[in-house]
Amino acid sequence: MPHTPSPNSDPMPNIQGFIFDLDGVLTDTAELHYQAWQKLADEEGIPFNQQANEALRGVSRRASLMHIIGDRPYSEAQIEEMMERKNRCYVESIQNMTSKDLLPGAIALLDELRQAGIKIGIGSASKNARTVIERLGIADKVDAIADGYSVQQPKPAPDLFLYVAKQLGLEPAQSVVVEDAAAGVEAALAGGMWAVGFGPTERVGAAHIVLPSLEGVKWADLRAKFSNIARQKHSGSKS
Ligand code: BG6
Ligand code: MG
């Protein structure tokens, strides 16, 4: 079998691409998804709050709804109607989105990566990802997009990120995933990719690197950190 490089075995990573999650990483749509779910839960009289919403970060629309309704006996037709209702509310909330809604540091990092010849992909569980990308004005900075229509298995399965890596023509170990959700970090690691977690350690601590935000993040610093991690793992695996 050909040698497949992996973040765990190669001394020097050969990173050629970055795959960004969208909601909660490049823009704060995580909050808008939350508000739409909260409205639906309130309308249905189901207890829900911001803390409960944490479990839904990066989770598909259907799986999110199932989590919210628990074992309440809704029919499939009612489930479909509720998913549509939530989505209408969410779609309305992204109508006025512009490049101003990019999170701090996002555009600077995208531009720096592009200048360094690094390929850029977006891997989002959202069926609205393309609309959000257009509204943010970053479509021309991205080489590949996978969204809620691209694969069957949602995160934490690695399928979505593997799909983007393939579109970029890269091996998993040549790819870095930037994620704000535990399920997304899990998906990246399951796919044999490098993972940058964006947010608190309690949520994304499993990632190779954890960052509080993208502000001031430089490609050279990230590359140095990945090289250090790879070196440590390599010397650890030999001893
Ligand atoms: C993810 C979000 O990116 O997309 C989740 O983090 C959301 O909150 C999921 O549920 C699906 O989005 P959509 O737009 O297809 O309902
Ligand atoms: Mg996210």
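Start at 1 and go down the list; that is how both ligands and their atoms are numbered. Small disclaimer: the values here were computed from a predicted structure and weren't measured.
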Q. For the residue pair His208 and Phe226, does the interplanar ring angle fall in the parallel (under 30°), tilted (30 to 60°) or perpendicular (over 60°) class?
A. perpendicular

| query | Is the backbone N or O of Ile69 less than 3.5 Å from a side-chain atom of Arg72, with the two atoms forming a donor-acceptor pair by type? | reply | yes

- Confirm or rule out an N/O/S atom of Asp23, from backbone or side chain, lying less than 2.8 Å from the Mg ion (ligand 2). yes

Between Trp194 and the options Ile229, Leu189, Val177, Val178, the side-chain contact (heavy atoms from CB on, under 4.5 Å) test singles out Ile229

_Please tell me whether Asn87 and Asn128 have a donor and an acceptor in their side chains that are separated by less than 3.5 angstrom._
yes

Is there side-chain contact between Val164 and Phe20, with heavy atoms separated by less than 4.5 Å? no

Closest to the Mg ion (ligand 2), among the N/O/S atoms of Asp180, is atom OD1

**Asked** For atom CD of Glu92, is the number of surrounding heavy atoms from other residues, nucleotides or ligands below 6.0 Å larger than 12?
**Response** no

Those residues with a heavy-atom separation under 4.0 Å from ligand 1 are Asp23, His33, Leu56, Gly58, Val59, Ser60, Arg61, Ser64, Lys86, Ser124, Ala125, Ser126, Lys127, Asn128

min-distance N/O/S atom, Asp21 vs the Mg ion (ligand 2), resolves to OD2

**Request:** Could you verify whether a donor N or O on one side chain and an acceptor N or O on the other, from Gln38 and Asp42, lie under 3.5 Å apart?
**Result:** yes

